[in-house]
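Side chains are part of it too, since the values below use all heavy atoms of this structure and drop only hydrogens, waters and symmetry mates. Every chain is numbered from 1, with letters handed out A, B, ... down the list of sequences.
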Amino acid sequence: MKEKTYVADINRNLYDFRNTETVEDTFRLEDGLTEEIVLQISAEKNDPDWMREFRLQSLETYRRMPIQDWGPSIEGLDMDHIATYVRSKTGMRAKWSEVPQDIRDTFERLGIPQAERESLAGVGAQYDSELVYHNVKEEVAAQGVIYSDLESAMHGPMAEMIREHFMRLVPPSDHKFAALHGAVWSGGSFVYVPKGVSVEIPLQSYFRLNAPGAGQFEHTLILVDEGADLHFIEGCSAPKYNVANLHAGCVELFVGKNAKLRYSTIENWSKNMYNLNTKRAIVEEGGVMEWVSGSFGSHVSCLYPMTILNGAGARMEFTGITFAGREQDLDTGMKVVHNAERTASVVSTRSISKDGGVSTFRSSVTVTPKAKGARASVSCESLMLDDISRSDTIPAMDVRTRDADVGHEAKIGRISDDALFYLMARGISEEDARAMIVSGFADRVSKELPLEYAVEMNNLIRLEMKGSIG
Amino acid sequence: MPEKLLEIQGLTAQTNGKEILHGVNLSIGRGEIHVLMGPNGAGKSTLGNVLMGHPAYTAQAEKMLYRGESLEGKSADERARAGMFLSFQNPVEVPGITLASFIRSAIEARTGKRVMPFAYRKRLLAGMRLLQMDEAYAERDLNVGFSGGEKKKAEILQLLMLEPEFAILDETDSGLDVDAVRTVSEGVREYMKEPGRSLLIITHSTRILEALHTDYTHILVDGRIVAEGDASLVDEINREGFESYE
């Protein structure tokens, strides 16, 4: 009996829609990046003086720094032709019904109002580079939780706190795209959870790129004070365009003493996107940081959320999944620094590669001399769905104390013919059997997600698996 | 409707360039229990796999009919949807999908209809009780970390839930203790209560047969059926082994 398997284009109709907003509705700056543009952005944003200076300094850093010489190739990126800032005409809207129809259509297809109905605490949805819709439920605000866009928060009572924390974890000198971010950042979320406050419902933010050639540089700054508890969900999806798209966002998370933060992300970028995102968390004594990270889509991704365990007994858990399909090079992983005694980290990732996709797991575990009794365990499993795809594991470890327990394991596998036959012998079609095995492989991650996101992730997997059988 | 459920003539099967079955004839009618015995390496499991459509084997036959229709070119899932079932000798572990949701998906794939959760759950738990399986197994990943005995019980649970017309039991009794064999045969008897269902039991012991009424016995040696008879042939093999046929 002959088995025929071919590589087919994935049906992304569900996700690759775009709306037909007319060009005159949007305000658009020249494509290149000059001091003038940065000043213009700053003026548009009504930046405080320090922020304007910060932007200009970041631009200097950006010009000075070379592009990274490791990881996947980003040659396809031409910064001279990426409009760094595209803004929709609408300003902030408090109510869904006041958001313009075409923008609403876009979000509706992404299921935002649905998610809203399902008791998510607040939605800060970003359309192009501007926040157009923002809503924090009263009960959360009543607890003293501040959830807003970063721009307006800079002028409010949290101004000083933002100044103290903005790009302190990820300084512009970190890498070229962090510097770029510092110069042109726009939009994003600010969350402050006061001492001892436990936010029962997750806060959600939905970012979306929607203009050809536009980069998106949203900044997320979250501070969870002593003993507080928060779950923040970030979901991303972008329509497909011909011009190379760049995403260089930045996420900075501060987890206080005995506080807990769970940060969940499902990223589903269109397949021409360069996703060069930087995420970093610092955790104080007894604090807990949990990452759940799903990376789908994009042409190239470089994503290594980093955690600095800076106080005794601080803990980190990282659960991630990456799905690399045709013409995708996804370089994902994580970094952790154990910088205090009895700190602990547990990392479990899954990666899937298909149709010639390249999936690389890159990890870095650093244990400083201070981190006596630290424990770190990293495990990554890869599934390759055919012979033309690729999966690599690049673990790095730097352990500077004898009194630490550090482990790493990696497994690479394929869908076995026996497993496929077993499922098919029960009446399940080959396509469904493959999808079932892949979903099962991803189950560890989807279990960590809220239900509606788990469903979305399974749909994404199904979508990516579709058409792989001939 | 044809009288015979399964009709095989001159079946050969190769894998990796090696012929394992050299022209097998087999005819199974509705409501019949057939036993296939033979020494290790005779090709018994190969026959089971080939009948179910395992892609690792290249099969050729003068005639290979199920319900009067040719099985040639039919994939395993098509055969399953036509009413065939194979209880695996070594069930595969599939992480990330629970036994309960797997069986539900399989029923939906076979019937093309949505399964009603409440009724399904009730039926599943009844089957598990009959097979003396702990309910917790329903929510465990399919076969993952199951003991040999639990894996075989899970196979018979699937047999009961999927309600095929024709089932091949490949060494379902091997590796089981006496109590587990009894429980598993209880499940098989339950399956056979419905009239018109047929079984092909592949075994090299006879323990599973004690509680079942055998209609026909086939002895497979070196890829060929070398003897056929009724239930008394099982007793003869029991006494004297396969030596006289080798």
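For chain A, no part of N90(B) is nearby; none of its heavy atoms comes within less than 4.5 Å. Residue contact with chain A, scored on non-hydrogen atoms closer than 4.5 Å, involves the side chain of L142(B) exclusively. Within the 4.5 angstrom heavy-atom criterion, no atom of P164(B) approaches chain A. The part of L162(B) that comes within reach of chain A is its side chain, from C-beta onward, which places non-hydrogen atoms under 4.5 angstrom from that chain. For a residue to count as touching a neighbouring chain, one of its non-hydrogen atoms must lie under 4.5 Å from one of that chain's; by this rule Y422(A) touches chain B with backbone and side chain alike. Residue E78(B) does not touch chain A at all, counting heavy-atom pairs closer than 4.5 Å.
When S446(A), S429(A), A433(A) are compared by the number of non-hydrogen pairs under 4.5 Å with chain B, S429(A) comes out ahead. Ranked by heavy-atom pairs under 4.5 Å with chain A, the first of F88(B), F85(B), F102(B) is F88(B). Per-residue counts of heavy-atom pairs under 4.5 Å with chain B were compared for S439(A), G440(A), S416(A); the largest is that of G440(A).
Using a cutoff of 4.0 Å between basic side-chain nitrogens and carboxylate oxygens, K63(B) and E72(B) are not scored as salt-bridged. Between E186(B) and R189(B) there is a salt bridge, with a side-chain nitrogen of the basic residue lying less than 4.0 Å from a carboxylate oxygen of the acidic one. Checked for salt-bridge contact, R197(B) and E190(B) miss the test: no charged N lies under 4.0 Å from a carboxylate O. Under the 4.0 Å criterion applied to side-chain N and carboxylate O atoms, R140(B) and E150(B) are not assigned as salt-bridge partners.
Pairs engaging residues 436-449 of chain A under the salt bridge (charged side-chain N to carboxylate O under 4.0 Å, His left out) rule: R262(A)-E448(A), D443(A)-K447(A) [sequence neighbours left out].
Not less than 6.0 angstrom separates the ring centroid of F323(A) from the ring centroid of F441(A).
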